[in-house]
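Counting starts at 1 for both ligands and their atoms, following the listed order. The structure displayed is predicted, hence computed values, not measured ones.
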Amino acid sequence: MERIANFINGEYVSPNSGKYIDVFEPATGSAYASVPNSNLEDVNAAVKAAEKAWKNWSNTTPEDRSIIVHRIAGELESRLDEFAEYESRDTGKPLSQAVSVDIPRAIANFRFFSDSILNYKDETFDSTEYGHNTVSRQPLGVVGCISPWNLPLYLFSWKIAPALVTGNCVVGKPSELTPYTAFKLGEICNKAGLPGGVLNIIQGLGMKAGSAITSHPKIKAISFTGGTKTGEIISKSAAPSFKKLSLELGGKNPNVIFADCDFETMLATTIRSSFSNQGEICLCGSRILIEQTIYDTFVQEFVNRTKELKIGDPKEGDTNLGALISNEHLEKVLGYVDLARNEGGKILYGGEKVQLNGRCSEGWFMSPTIIAGLAPGCRTNQEEIFGPVVSLIPFDTEYEAVEIANASKYGLSATIWTSDITKANRIAEQIDAGVIWINCWMIRDLRTPFGGMKNSGVGREGGKEALDFFTEQKNICRIQ
Ligand code: TXE
């Protein structure tokens with residue numbers, strides 16, 4: 001089996017301990033590689049390399065950094081299909097999705113921020129009374145970027161691109177479940193001319209390598225995407241050294257459907273927002289709120305459309321649902337289906353493990369699952385399941401819809417379907433969520449702030465927000 005390595009100071013190196021963890025292909029349930037079980041010594045080596053590189057990297061111009069990060073995008077684009085195969089193998093997602101979404105978005109992330117840095121200017125304030133004030137921004141130094149397993153390179157690049165273009169050096173850690181594209185990113189960065197030590201990639205467990213990063217005294221900021229519980233742990237770990245924190249956490253997003261919506265567009269999009277990536281996207285609409293007058297029609301049409309989805313080998317072009325990330329996660333999600341039954345829910349469709357034939361016979365697959373009849377406040381409707389499972393909740397009035405939507409400890413995203421745009425905007429203003437789509441889903445302008453409220457996170461990524469996060473402000477005031 002291939003041994004994945006850490007990437008420190010522009011070189012691939014083995015973990016100090018010599019210890020490794022198996023990496024599995026979810027579609028087959030078999031280990032295909034092993035990844036360093038890195039520890040504090042490995043993180044210290046990465047921080048040392050980053051500090052050394054920072055002396056030069058922080059003195060480069062935005063134009064210099066933009067050119068190199070643009071080259072990273074170009075190198076990645078030239079190997080798009082190869083990286084898409086790595087991503088599909090690691091996550092179990094359909095290859096078609098890795099080719100059309102994951103890797104193109106990683107390329108776009110690098111390109112977007114290499115362009116944005118060129119327009120990222122100091123702010124100035126002039127007044128007779130208070131003189132000339134310039135708000136200048138400087139890089140933080142060495143920063144930590146920790147990413148999850150659902151959209152591995154898409155979310156890893158979403159963090160490291162703004163960190164790099166603002167002149168920081170990075171110690172990054174992908175999920176131990178999906179290490180491969182981050183592993184191969186090192187080659188891409190070397191080819192693009194990124195100086196050694198500017199980006200260091202440590203592989204390994206969250207509680208070991210991850211916590212060594214979040215507690216490291218020389219790391220100035222942590223940008224994290226993952227579970228809410230983990231976000232809480234990271235906050236405690238980072239607090240003593242007053243690190244800046246960006247936390248993109250879980251969600252339990254309402255998809256609010258009114259009778260006056262464009263039904264076919266809503267239905268086609270709701271299939272995607274319910275089951276894309278096997279429901280393993282923090283932005284999936286897992287609570288579907290339907291106006292009572294169209295509830296029966298919606299149920300019939302939605303179940304029929306769901307039945308058409310193909311669960312299959314991620315390599316096959318017509319596969320809509322691939323494997324879940326791990327057997328442990330599959331069991332967790334199936335456990336929620338059992339919970340739903342115990343809470344009085346009715347499984348309208350799916351709810352079981354799926355056994356495929358051939359090379360995927362031992363893979364971790366389940367059917368897309370539609371549940372009805374649950375109370376809005378029950379655990380199934382309150383906890384993040386993070387699988388292909390949605391719960392249908394009817395409502396009578398706009399007021400009731402908003403009340404149900406907001407009755408959640410999460411506040412990440414929401415979708416509203418209605419042809420009455422005045423009503424849509426009125427509801428959008430009332431819903432507690434950081435990202436709200438009206439008559440669409442997952443349309444992303446990278447300039448816009450991305451993130452959630454309540455237990456869905458702290459801070460925002462994207463656009464200027466990300467550049468601001470990875471820099472320190474300095475106000476310089478002069479009178480004459
Ligand atoms: O994520 P974790 P997991 C949700 C989803 C999922 C739950 C747990 O509900 O079931 O989170 O998923 C690293 N210090 N989302 O276990 O544990 C870890 O190694 C430092 C939503 O995969 O949060 C990995 O690199 N790092 C989310 C990353 O954190 C630690 C997407 C995420 O791992 C750490 C994924 C620690 N103590 C899961 N513990 C989204 N918002 O998109 C773990 N890590």
Polar atom proximity, T228 to ligand 1 (N or O, under 3.5 Å): no

Location of contacts on K332 toward ligand 1, heavy atoms closer than 4.0 Å: side chain

Over-ring placement of R460 relative to F450, 6.0 Å and 45° cut-offs: no

Side chain, backbone, both or neither: S237 near ligand 1, heavy atoms under 4.0 Å: neither

Check ion pair E51-K218 (N to O, under 4.0 angstrom): yes

Residue and atom name of the nearest protein heavy atom (relative to atom 20 (C) of ligand 1), distance in Å to one decimal: G210 C, 3.3 Å

Heavy-atom donor-acceptor pair, E343 side chain to T380 backbone, under 3.5 Å: yes

Check: T471 main-chain N/O paired with K244 side-chain donor or acceptor under 3.5 Å: yes

Nearest-contact summary for atom 22 (O) of ligand 1 - protein heavy atom, Å: W149 NE1, 2.1 Å

Which of the ligand 1 atoms, numbered from 1, are nearer than 4.0 Å to a heavy atom of S211: 14 (N), 20 (C)

is_close_aromatic(F183, Y86), centroid dist under 6.0 Å: no

Distance in Å, S223 OG paired with I146 CD1, rounded so as to fall on 0.5 Å steps: 9.0 Å

Enclosure of E328 CD (heavy-atom neighbours >12, cutoff 6.0 Å): no

Derivation and outcome, salt bridge (charged side-chain N to carboxylate O under 4.0 Å, His left out), residues K220 and E472: CA-CA 10 Å; K220 306 293 185 193; E472 280 291 8; over 6 Å; no

Passing candidate, side-chain hydrogen bond (donor to acceptor under 3.5 Å, both in side chains) with N16, options N6, D42, N44, N39: D42

Close approach of G457 to ligand 1, heavy atoms, under 4.0 angstrom: no

Short N or O distance, E384 and ligand 1, threshold 3.5 Å exclusive: yes

Numbered atoms of ligand 1 (with element) below 4.0 Å of S147, judged on heavy atoms: 24 (C), 25 (O), 28 (C)

Identity and distance of the protein heavy atom lying nearest atom 29 (O) of ligand 1: F224 CE1, 3.1 Å

Carboxylate-amine/guanidinium proximity below 4.0 Å for R79 and E187: yes

Protein residue, atom and distance nearest to atom 40 (C) of ligand 1, heavy-atom basis: C282 CB, 3.5 Å

Contact atoms of ligand 1, heavy-atom distance to T225 under 4.0 Å: 32 (C), 40 (C), 41 (N), 42 (O)

Element-labelled atoms of ligand 1 that are located less than 4.0 Å from some non-hydrogen atom of T230: 2 (P), 17 (O), 23 (O), 30 (C), 34 (C), 39 (N), 43 (C), 44 (N)

Atoms in ligand 1 with a heavy atom of E248 nearer than 4.0 Å: 41 (N)

Contact check: I385 vs ligand 1, nitrogen or oxygen atoms, below 3.5 angstrom: no

Distance-only side-chain donor-acceptor flag, Q203 / S38, under 3.5 Å: no

Ligand-side contact atoms (ligand 1) for residue partner H329, heavy atom cut-off under 4.0 Å: 10 (O)

Atom 37 (N) of ligand 1 - nearest protein heavy atom and its distance: M207 SD, 3.2 Å

Side chain S274, main chain V390, donor-acceptor under 3.5 Å: no

I234: numbered ligand 1 atoms lying under 4.0 Å from its heavy atoms: 14 (N), 20 (C), 26 (N)

Side chain, backbone, both or neither: A209 near ligand 1, heavy atoms under 4.0 Å: neither

Verify atom 33 (O) of ligand 1: protein non-hydrogen atom under 4.0 angstrom away: no

Heavy atoms of other groups near R359 CZ, more than 12 under 6.0 Å: yes

Identity and separation of the nearest protein heavy atom to atom 38 (C) of ligand 1: F386 CE2, 3.9 Å

G227 N/O under 3.5 Å from ligand 1 N/O: yes

Distance from atom 36 (C) of ligand 1 to nearest protein heavy atom, with residue and atom: G206 O, 3.4 Å

Taking atom 41 (N) of ligand 1 as the reference point, the nearest protein heavy atom with its distance: L249 O, 2.7 Å

Region of L155 that comes within reach of ligand 1 [heavy atoms, distance under 4.0 Å]: neither

Salt bridge present between R89 and E85 (N-O < 4.0 angstrom): no

Check against ring-ring contact (aromatic ring centres under 6.0 Å, His included), W149 and F386: CA-CA 12 Å; W149 46 258; F386 218 65; 5.3 Å; yes

Test of proximity, E176 against ligand 1: N or O pairs below 3.5 Å: yes

Proximal ligand 1 atoms for P174, defined as those under 4.0 Å from one of its heavy atoms: 25 (O)

Side-chain donor/acceptor of E2 to backbone N/O of A33, under 3.5 Å: no

